[in-house]
Amino acid sequence: MTKNTGNQSRNEQRTQNPGMLDNFRPLLLDVAVPLGSYYLFKDAFGMSTFAALAWSSVVPAVRTVWSLVRERRTNALAGLILVVNVVSLLLSFVSGDPRLMLAKDSGVSSVVAIGILASVWLGRPMMTAGMKPFLVKGDAEKEAAWERLMAGGSDGASDRSVAFRGKERAFSVVWGLVLLAECVTRVVGAYTIPVDTMVWLGGVILGGAMVIGFLVSGGLAAGPMEEMLTAEVADGRARQQERPAAAVAA
């Protein structure tokens with residue numbers, strides 16, 4: 001009985017204060033595993049691009065169905081990776097014109113960009129899953145502060161909560177727009193720049209877009225969110241210190 005109670009207590013504590021691994025689990029399962037398995041199947045096992053994409057879609061497909069059936073919600077990140085893999089499978093049949101071959105590489109970026117922007121419109125910014133672990137860092141106080149800010153903030157901190165959630169949406173909007181711009185740039189380049197040049201320039205454009213995305217999203221959203229999170233942690237500590245004093249006074 002005591003052992004079961006202890007296990008239950010530890011499980012409840014883990015749910016309330018997830019660790020670093022818990023915060024990174026969505027990224028690991030929904031992004032790292034499909035991406036890593038694709039290269040494993042293709043390079044290590046010698047599978048074709050089509051077969052590697054198909055087999056690497058198993059985990060995101062299972063995660064998407066599991067969320068719908070068991071949890072009655074949509075796993076946006078797993079669903080996006082699944083859609084990206086399906087689009088990649090369809091694009092693998094495209095062949096012929098070299099310029100069309102270059103343009104199709106931007107198809108995945110466009111799907112990701114549209115998915116991210118749609119998630120913001122639906123009120124569930126998709127990039128939050130990738131940003132939160134780096135801000136919370138597995139810290140229980142920061143995790144609690146994050147939940148308070150997302151729920152409306154602590155007493156007297158409603159303005160901070162509104163600003164925090166606005167920055168959360170801005171983070172995803174920045175990445176959606178950056179990837180969409182990268183897609184358009186590569187398509188235009190594929191049909192206006194010499195093919196030999198665009199073969200290497202496409203990678204440069206993607207790399208530049210990633211750098212811009214990190215800099216803009218960090219300065220516009222992640223940085224201010226980290227500051228608000230720190231302030232909320234400080235307020236939480238202050239309230240905890242006030243409670244014993246109030247109890248003694250009473």
Hydrophobic cluster identity match, Met131 and Met150, side-chain contacts under 4.5 Å: yes
By salt bridge (charged side-chain N to carboxylate O under 4.0 Å, His left out) - contacts of Glu168 (at least two apart): none
Closest approach of Leu180 to Leu117 (non-hydrogen atoms, all atoms of both residues): CD2-CD1, 4.3 Å
Hphob cluster co-occupancy, Val173 + Met225, side-chain heavy atoms under 4.5 angstrom: no
Other residues, nucleotides, ligands: >12 heavy atoms within 6.0 Å of Tyr191 OH: yes
Worked check of side-chain contact (heavy atoms from CB on, under 4.5 Å) between Trp146 and Thr128: CA-CA 12 Å; Trp146 178 286; Thr128 299; 3.6 Å; yes
Verdict with supporting geometry, Arg237 and Val233, side-chain contact (heavy atoms from CB on, under 4.5 Å): CA-CA 6 Å; Arg237 290 174 179 173; Val233 168; 3.8 Å; yes
Same apolar cluster: Phe171 and Trp121, side chain cutoff 4.5 Å: no
Cluster check Val120, Val178: I/L/V/M/F/W/Y, side chain < 4.5 angstrom: no
Intermediate values then yes/no, side-chain contact (heavy atoms from CB on, under 4.5 Å), Val195 and Met198: CA-CA 5 Å; Val195 173; Met198 195 58 198; 5.7 Å; no
For the student: nearest non-hydrogen atoms of Gly115 and Met126, plus distance: O-CE, 3.6 Å
Worked verdict on Val174 versus Leu220 for side-chain contact (heavy atoms from CB on, under 4.5 Å): CA-CA 9 Å; Val174 167; Leu220 186 65; 3.8 Å; yes
Distance-minimising heavy-atom pair for Pro224 and Gly219: CD-O, 3.5 Å
Trace of the salt bridge (charged side-chain N to carboxylate O under 4.0 Å, His left out) decision for Arg148 with Glu141: CA-CA 11 Å; Arg148 289 197 301 270; Glu141 286 186 310; over 6 Å; no
Check ion pair Lys132-Glu226 (N to O, under 4.0 angstrom): no
side-chain hydrogen bond (donor to acceptor under 3.5 Å, both in side chains) involving Trp175 - partner list, sequence neighbours excluded: Ser217
Pair Lys167 + Glu227, salt bridge at N-O below 4.0 Å: no
